[in-house]
Amino acid sequence: MAKQPQPISPMKNFFAGGFGGICLVFAGHPLDTIKVRIQTQPKPVPGIPPLYSGTFDCFKKTLVNEGLRGLYKGMAAPIIGVTPMFAVCFFGFGLGKKLQQKHPEDILTYPQLFAAGMLSGVFTTAIMAPGERIKCLLQIQAASGEVKYAGPMDCAKQLYREAGIRGIYKGTVLTLMRDVPASGMYFMTYEWLKNILTPEGHSVSELSVPKILFAGGMAGIFNWAVAIPPDVLKSRFQTAPAGKYPNGFRDVLRELIREEGIGSLYKGFTAVMLRAFPANAACFLGFEVAMKFLNWMAPNM
């Protein structure tokens, strides 16, 4: 394992993670819009082709019908939500690492890094679940054409009026099932690749930009490989009318497998993977750049 030159600072992780989150949204939002539209498109009537035949078809139709702005629809909510979320996510990872160290110089094993990543997943779910529910509802209303919600705040207000805090937090268990193991995978993969890419006798902090981009992008892909099945269930569950799935995700899973087979758990796979690499590469690069800046500004924080 490579040595950790700088003591772990959860606070620095918090600010650097927020900046990483902003970079991630700018790089990844267009493909996120496509992912949600493909995952939630109505089941085609026999004899009529589906609304979108695939990722590129959806991209083309969105671009033609709505222009570039269509791809960046609903981006205000993720910027407002993702910045604190990634800040909290990286803070949780920093805290998870720090809690497992007996001394500041201790180098953590990969299972310990996985555990620290899982802690960050618990932290983010508290912010993530309502934001994701609102984002999914706004993205499908843009595609279906009927306007029920004027924007993120209006959507939150209506959900609260209809079902109280439970309405806003619908899908939390699925968000946990998605984010806890996926976050463990995410951070462990990133640290593992950084160590592999560091030449003998060099420090991890000297890694070049292309190597950081590669490690970050691959971490995103590993993260989503674990996260897609619960993500498909969550998109379905959170956008379903109230009362459609009385037993929660078990009903969603049963219906999906019965109607569309096991492969449907990997719906939107192409869009997710195409987005995962650049978005997470941008995120980790933003994080590392911000971290270097903070270490230079406040070396003892």
Side-chain angles (χ1 to χ4, degrees), residues 21 24-25 27-43 50 52-59 74 78 81-82 85-86 89 114 117-118 120-122 124-125 128-129 131-133 135-137 139-140 143 170-190 193 216-240 245 248-284:
L24 173 125
V25 175
H29 193 77
L31 278 155
D32 188 60
T33 302
I34 288 168
K35 178 198 81 161
V36 173
R37 287 186 177 186
I38 286 174
Q39 282 180 346
T40 57
Q41 65 175 327
K43 206 171 161 213
Y52 308 117
S53 64
T55 303
F56 296 104
D57 183 49
C58 181
F59 181 78
V82 161
M85 188 198 83
F86 269 81
C89 174
F114 188 83
M118 287 190 0
S120 83
V122 176
T124 45
T125 296
M128 200 57 177
E132 285 272 313
R133 171 128 158 89
K135 174 181 75 74
C136 283
L137 288 171
Q139 281 172 322
I140 62 161
K170 182 178 174 183
T172 300
V173 174
L174 278 167
T175 310
L176 275 172
M177 280 171 58
R178 182 192 70 177
D179 288 351
V180 171
S183 296
M185 197 65 177
Y186 186 52
F187 284 109
M188 185 183 76
T189 306
Y190 180 62
L193 285 169
M218 288 309 291
I221 283 183
F222 276 84
N223 166 68
W224 277 103
V226 174
I228 289 180
D231 187 58
V232 173
L233 296 178
K234 187 188 68 61
S235 290
R236 277 282 174 117
F237 183 64
Q238 287 185 321
T239 55
Y245 300 116
F249 70 88
R250 289 191 300 279
D251 286 355
V252 191
L253 183 62
R254 256 194 301 254
E255 182 193 84
L256 254 182
I257 289 176
R258 191 178 62 237
E259 286 187 1
E260 302 177 38
I262 199 94
S264 62
L265 284 174
Y266 274 91
K267 252 195 178 159
F269 185 79
T270 320
V272 169
M273 288 309 177
L274 280 173
R275 166 179 172 255
F277 195 93
N280 291 287
C283 172
F284 275 110

*Measuring from D231:CG to D179:CG, what's the distance to the nearest 0.5 Å?*
8.5 Å

_Distance, nearest 0.5 Å, that separates NZ of K135 from CD1 of I140_ = 11.0 Å

*Do the non-hydrogen side-chain atoms of F269 and I228 ever get within less than 4.5 Å of each other?*
yes

*Drop me the distance from T270's OG1 to L31's CG, to the nearest 0.5 angstrom.*
10.0 Å

*Give a yes or no on whether a salt bridge exists between E259 and R236, defined as a side-chain N under 4.0 angstrom from a carboxylate O.*
no

*Nearest non-hydrogen partners of A182 and N223, listed with the distance*: O-OD1, 3.0 Å

_With I34, the side chain to side chain contact (heavy atoms under 4.5 Å, CB included) member among D57, T55, L274_ = T55

*Taking salt bridge (charged side-chain N to carboxylate O under 4.0 Å, His left out) as the test, write out the residues that go with R37, two or more places apart.*
E66

*asked:* Under a plain distance cut-off of 3.5 Å, with no hydrogens placed, do N280 and Y186 share a side-chain donor-acceptor pair?
replied: yes

*Are the side chain of Q41 and the backbone of Y52 linked by a donor-acceptor contact shorter than 3.5 Å?*
yes

*Would you call L24 and H29 a side-chain contact if the rule is heavy atoms closer than 4.5 Å?*
no

*May I ask you to decide if G28's main-chain N or O and R275's side chain share a donor-acceptor pair within less than 3.5 Å?*
yes

*Counting distance only, does the side-chain N/O of S264 pair as donor-acceptor with the main-chain N or O of G261 below 3.5 Å?*
yes

*asked:* Strictly distance-based, threshold 3.5 Å: is any side-chain N or O of K170 a donor or acceptor partner for the main-chain N or O of F237?
replied: yes

*asked:* Check the orientation of F284 and F187. Use parallel for under 30°, tilted for 30 to 60°, and perpendicular for over 60°.
replied: perpendicular

_Donor-acceptor check, side chain of T124 to backbone of G121, threshold 3.5 angstrom: yes or no?_
yes

